[in-house]
Amino acid sequence: QVQLVESGGGLVQAGGSLRLSCSASGSFFSTMNWYRQAPGKQRELVATITRGGATNYADSVKGRFTISRDNAKNTMYLQMNSLKPDDTGVYYCNAFSSAVHNYWGRGTQVTVSS
């Protein structure tokens, strides 16, 4: 029954902003994450947020991206500002509680033009 659905991806010029959303159904998760994957590159962890609101970011996005969550709605967000072409990729929502409960969305494309 668990589903993760991302939205908010699209095309944007360098310096612009996008806000991604991930809606989770079926369960509450201890940790929610955003990953991204560029063509020919490994999937990388972009940002993490815990149940209590603690956050962590990849060095490449610190100061530009903000992760947040609404526990009542079981939804998390990624506000992306000052976007760069290197931010281009497929962004995936991930919800993690354990090795048994680790779920992924299908991804949403973010393309930043120069």
Side-chain angles (χ1 to χ4, degrees):
Q1 298 186 53
V2 175
Q3 297 182 60
L4 302 177
V5 181
E6 302 101 333
S7 62
L11 305 173
V12 65
Q13 292 187 13
S17 298
L18 287 172
R19 183 177 176 87
L20 305 183
S21 299
C22 174
S23 297
S25 63
S27 184
F28 180 84
F29 301 96
S30 298
T31 302
M32 298 189 75
N33 311 287
W34 286 101
Y35 286 77
R36 69 185 180 189
Q37 187 168 23
K41 300 291 183 66
Q42 293 185 356
R43 187 173 299 185
E44 64 175 343
L45 179 62
V46 175
T48 294
I49 187 165
T50 69
R51 173 198 291 260
T55 60
N56 194 32
Y57 300 91
D59 288 342
S60 60
V61 306
K62 285 181 179 177
R64 300 188 297 118
F65 290 11
T66 302
I67 189 171
S68 61
R69 68 190 293 175
D70 184 333
N71 291 336
K73 296 181 178 180
N74 228 14
T75 301
M76 75 162 175
Y77 308 91
L78 185 67
Q79 179 66 46
M80 305 185 294
N81 298 326
S82 301
L83 284 163
K84 304 175 180 179
D86 285 348
D87 295 319
T88 293
V90 179
Y91 283 69
Y92 297 92
C93 176
N94 169 253
F96 178 87
S97 292
S98 68
V100 176
H101 300 288
N102 186 21
Y103 305 99
W104 296 86
R106 293 182 177 181
T108 185
Q109 178 71 44
V110 172
T111 302
V112 184
S113 64
S114 59

### Query
Are the side chain of S97 and the backbone of H101 linked by a donor-acceptor contact shorter than 3.5 Å?
no

### Query
Is the count of non-hydrogen atoms from other residues, nucleotides or ligands lying under 6.0 Å from R19 atom CZ greater than 12?
yes

### Query
Going from OG1 on T55 to CZ on F65, what distance comes out if it is rounded to the nearest 0.5 angstrom?
14.0 Å

### Query
Less than 4.5 Å apart, any side-chain heavy atom of N71 and any of R69?
yes

## Note on the structure
Rounded to the nearest 0.5 Å, the CD1 atom of I49 sits from the CG atom of N56 at a distance of 11.0 Å

### Query
Measuring from L78:CG to T66:OG1, what's the distance to the nearest 0.5 Å?
8.0 Å

#### Entry: Common cluster, L18/Y92, ILVMFWY with side-chain heavy-atom separation under 4.5 Å
no

### Message
Could you tell me if the side chain of V110 sits less than 4.5 Å from the side chain of M80, heavy atoms only?
### Response
yes

### Query
With the 4.5 Å side-chain cut-off for hydrophobic clustering, are V12 and L20 part of the same group?
yes

### Task
Specify the closest pair of heavy atoms between S82 and R64, including all atoms of both residues, with the distance to one decimal.
O-NH1, 3.0 Å

#### Entry: N/O donor-acceptor pair under 3.5 Å between N94 side chain and Y103 backbone
yes

#### Entry: For the student: nearest non-hydrogen atoms of T75 and S23, plus distance
OG1-OG, 3.7 Å

### Task
Could you check if a side-chain atom of V112 sits within less than 4.5 angstrom of a side-chain atom of K84, using non-hydrogen atoms only?
no

### Message
For the backbone of C93 and the side chain of E6, can you confirm whether one donor and one acceptor N or O come within less than 3.5 Å of each other?
### Response
yes

### Message
Using modelled atom types and a 3.5 Å cut-off, is there a donor and acceptor pairing between side-chain atoms of Y35 and backbone atoms of W104?
### Response
no

#### Entry: Side chain proximity check, I67 to T48, heavy atoms < 4.5 angstrom
no

### Query
For the side chain of R36 and the backbone of G89, is there at least one donor-acceptor N/O pair under 3.5 Å apart?
no

### Task
Give the minimum heavy-atom separation between N81 and S17, together with the two atoms involved.
OD1-OG, 2.9 Å

### Message
Within this structure, what is the OG1-OH distance for the pair T108 and Y91, rounded to the nearest 0.5 Å?
### Response
10.5 Å

### Task
Work out which heavy atom in Y57 is nearest to a heavy atom in K62; give both atom names and the distance.
O-CE, 3.3 Å

### Query
Does any non-hydrogen side-chain atom of M76 lie less than 4.5 Å from one of W34?
yes

### Task
Measure the shortest side-chain to side-chain distance between Q109 and T88 over non-hydrogen atoms and say whether it is less than 4.5 angstrom.
yes

### Task
Would you indicate whether the side-chain heavy atoms of S21 and K73 approach each other to under 4.5 Å?
no

